[in-house]
Amino acid sequence: MPEAEGRLFLVRSRHIDRHHAHVVGETSFEAAAVAYLEHWQEALGDDNEVDVIVHELSSGHEHCFRVDLETGVTGPCE
């Protein structure tokens, strides 16, 4: 398990099965999504956009972010 930088999140790309998620220690949901995309290349699909699901382990809260891989623009999943 990685050393936590604040909070622990279980993060995965929407197109990848849940059992391939990774635990990420970060300070926010958004930072966890970025860290995941920077470290795990299997998260990147064939499209220019990827949906990243971030689940906070302590609270159970979950957010989904759509990230444009060319521009870095991030917003909520549709």
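Ser13 and Val50 make their closest contact through OG-CG2, 3.7 Å (heavy atoms, listed as atom of the first residue, atom of the second, distance). For the pair Leu8 and Gly25, the tightest heavy-atom approach, listed with the atom from each and the gap, is CD2-CA, 3.9 Å. In plain terms, the two heavy atoms of Val24 and Ala35 that are nearest each other are CG1-CB, 3.9 Å.
Taken to the nearest 0.5 Å, the NE2 atom of His55 stands 14.0 Å off from the SG atom of Cys64. Taking OG1 of Thr27 as the start and CZ of Arg7 as the end, the distance is 7.5 Å to the nearest 0.5 Å.
Every residue two or more places apart in sequence or in another chain that forms a side chain to side chain contact (heavy atoms under 4.5 Å, CB included) with Glu70 is listed here: Asn48, Asp68. Considering only residues two or more places apart in sequence or on other chains, Ser59 meets the side-chain hydrogen bond (donor to acceptor under 3.5 Å, both in side chains) condition with Glu56, His61.
Between the side chain of Thr71 and the main chain of Val73, a donor-acceptor pair closer than 3.5 Å is present.
Aromatic ring pairs are classed by plane angle as parallel below 30°, tilted from 30° to 60° and perpendicular above 60°; the pair Phe29 and His63 is perpendicular.
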(request) Start with the C-alpha gap between Phe65 and Asp51, add the side-chain angles, then the distance that decides, and say whether side chain to side chain contact (heavy atoms under 4.5 Å, CB included) holds. (result) CA-CA 6 Å; Phe65 301 98; Asp51 290 349; over 6 Å; no
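In this structure the side chain of Val52 reaches within 4.5 angstrom of the side chain of Leu37, judged on heavy atoms. Using a 4.5 Å heavy-atom threshold, the side chains of Tyr36 and His22 count as touching. Side-chain contact between Val23 and Phe9: absent, with no pair of heavy atoms (C-beta onward) separated by less than 4.5 Å. Using a 4.5 Å heavy-atom cutoff, the side chains of Cys77 and Arg14 are in contact.
Under a hydrophobic clustering in which Ile, Leu, Val, Met, Phe, Trp and Tyr are joined whenever their side-chain heavy atoms come within less than 4.5 Å, directly or via other members, Ile53 and Leu57 fall into different clusters.
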